[in-house]
2 protein chains.
Amino acid sequence: MGPTRIGIRHLRYTIAVADAGGFRAAADALNIAQPAVSKTVQDTETDLGFPIFLRSAGMFEITDAGRVFLDDARLTLAAFERTIRASRQNAIGARGHIIVGYSALASSSQISAGLDIFHKRHPGCQVEMHVMSTDTMMRNLKTGEIDIGFLLSHGSVHDLEVAQKPIWSTQIGVVVPRAIDTVSLDMLRDSAFVMGVRENWRSYRTLLDVAFSQAGLSPSIIDEAWDVQVIFQRVADGRGLTFYPISAADSLPAALKILPVPDWSPELTIAMAWSKVVDTKLLQAFRESFPT
Amino acid sequence: MGPTRIGIRHLRYTIAVADAGGFRAAADALNIAQPAVSKTVQDTETDLGFPIFLRSAGMFEITDAGRVFLDDARLTLAAFERTIRASRQNAIGARGHIIVGYSALASSSQISAGLDIFHKRHPGCQVEMHVMSTDTMMRNLKTGEIDIGFLLSHGSVHDLEVAQKPIWSTQIGVVVPRAIDTVSLDMLRDSAFVMGVRENWRSYRTLLDVAFSQAGLSPSIIDEAWDVQVIFQRVADGRGLTFYPISAADSLPAALKILPVPDWSPELTIAMAWSKVVDTKLLQAFRESFPT
DNA sequence: ATCGGGTGATCGCAGTTCGTTATCGGTCCA
DNA sequence: TGGACCGATAACGAACTGCGATCACCCGAT
């Protein structure tokens, strides 16, 4: 069995097919023509010696062997891209590179304090921060696309391959235009709300659903948005109010403030998450920079 | 900064240049012409945005940034090659793949017992075994080319990034043709010996040197060979005797036997070694299959 | 039954990449 | 001052990788 003619491109395309759930869809996602994808995946399968996808009649499937290969390939591709990216950002030779995902809900002074501690201990190390939803974070932790995640700790967010450690808890408050000085549970009943769409804010929305029903609330949601910036913009425009963890008050735009609601104080816990499968000394040091 | 045009080839060539200590030497090692190497490394440097090698006047050097990149690149390349290799060997979809390096001196029933335990616990996992010298093993552990090593534990074999755990100790004996029944310290003074070359058997030879001088021996070495098979062949041919750990008696060819030397019993310890930097659950499970 | 709309595979062709040989300019050492 | 070494460059052929056009197939809706 000679040396492989497989390259990074083969991994990338094959993964894209698996993710997109089809060759044509993968080609679209990759912005190339479909035959190129077909050809590359065929070459990969020939080289490996077994089919990765079953594409007879109707829907297509991933073989067992293919699934194993894809798991490895994802990790490899992530490692590769990180190698390039870390070096490009950092032509001066810093040691180490960590990619962190965090929920918009998790921005807070605790995070920057931990980053400060870590930077003092490892001055040369690059830390790359990316905002993403809790669900995306779990997926990316498993594929190695991110090393550490700060996410909303929630019963529905658990995975055997991912370890979690709670970092802090905070109360949820109401985000209102700066002019407003007080809120009450009764006010909330009559108010309109702007919220993140469930696709992107699943855990948070689920958590709020529970908190609402416990208080006997069923707030009317008049607007949903994908990004937190858009939500805040709508609130500033007077379209409605929204809920946000009080610990993230610093990241509010100047036109808004956050108020606790008397007699209603749902809690939210932010946890640090990391893969149990891939771990390094550097990541360990990073985690230890964040006290529980 | 657009998407990289760097591929696995770029990593491979760049690493080869660093390892070979020059472009021409790398080209030879890769079995391609030198300009191809020059071009590829240049492309890599352009893409990354900084020089990896300094090749002005006379000797060439690796830049600091280049060293960082190379460290990452080695790990990435190892991950890539493992992904391909593991899938190729195993078209039926076993889960997991471990690459083990072991010294020829370490072949013994302890190793196979541990492998048996591990295979029972992880039936689907491929374990790939490669013979290599202790020094090579240390290098390969750091680059991720092997996951676990069984090596000759020796004071000169230590590295901050590599953890070690002694697995067993054994006495060193003399390998002789099957016809011989007894040996003595005096016999050794007058005998000729066949040994492994120091390049490949550095730790073992160092250990023997000490044991010789303690017994007041200075055996005449009439022949040196690279591989243990060749050494044994020479012994079987009657060229001379050699020393070998008694625990590895099973791996002797039928024409030879191993005898302890009365009043001279140097010990040798085999340790399991692994990288502290890259670790996984599977490797942990593997290690735990080998009792101390 | 047959016609669109979907899948992925195949074919032939172009641009790019990759490797080759030949050659150049440089340093080092005899 | 040659000669042996190094790495960079140039020109060219082969291979790779992309493209559009097309094919064969399955499906569901006329």
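Note on naming: letters A, B, ... go to the chains in the order of the sequence lines (proteins, then strands), and numbering restarts at 1 for each one.
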Visitor: According to ring-ring contact (aromatic ring centres under 6.0 Å, His included), who are the partners of F150(A), at least two apart in sequence or on a separate chain?
Guide: F290(A)
Visitor: Can you name the salt bridge (charged side-chain N to carboxylate O under 4.0 Å, His left out) partners of E45(B), sequence neighbours left out?
Guide: R55(B)
Visitor: If I take atom CZ in residue R55(A) and atom C1' in nucleotide dC26(D), what distance separates them, rounded to the nearest angstrom?
Guide: 16 Å
Visitor: F69(B) ring centre to R67(B) NZ or CZ under 6.0 Å, with the angle to the axis within 45°?
Guide: no
Visitor: Provide, to the nearest angstrom, the distance between the NE2 atom belonging to H10(A) and the C1' atom belonging to dC16(D).
Guide: 9 Å
Visitor: Apply salt bridge (charged side-chain N to carboxylate O under 4.0 Å, His left out) to D159(B) and list each qualifying residue two or more places apart in sequence or on a separate chain.
Guide: K142(B)
Visitor: What's the CZ-C1' distance between R24(B) and dA4(D), to the nearest Å?
Guide: 10 Å
Visitor: Using residues 28-35 of chain B as the side-chain source, report each donor-acceptor pair under 3.5 Å to any protein atom, sequence neighbours left out, with the distance given to one decimal.
Guide:
residue	atom	partner	partner atom	Å
Q34(B)	NE2	S38(B)	OG	3.1

Visitor: Within the 4.0 Å heavy-atom criterion, would you say F53(A) contacts the bases, only the backbone, or no part of the nucleic acid?
Guide: nothing
Visitor: In this structure, how many angstroms lie between the P atom of dG18(D) and the CZ atom of R12(A), rounded?
Guide: 11 Å
Visitor: Specify the separation, in whole Å, of atom CZ of R5(A) and atom P of dT17(D).
Guide: 9 Å
Visitor: What is the separation between atom CD1 on I6(B) and atom C1' on dC18(C), rounded to the nearest whole Å?
Guide: 16 Å
Visitor: Check each residue of residues 27-43 of chain B for a non-hydrogen atom within less than 4.0 Å of any atom in DNA chain D, then write out the ones that pass by number, or none.
Guide: Q34(B), P35(B), S38(B), Q42(B)
Visitor: Would you please name every residue forming a side chain to side chain donor-acceptor pair (under 3.5 Å) with Q233(B), sequence neighbours left out?
Guide: D237(B)
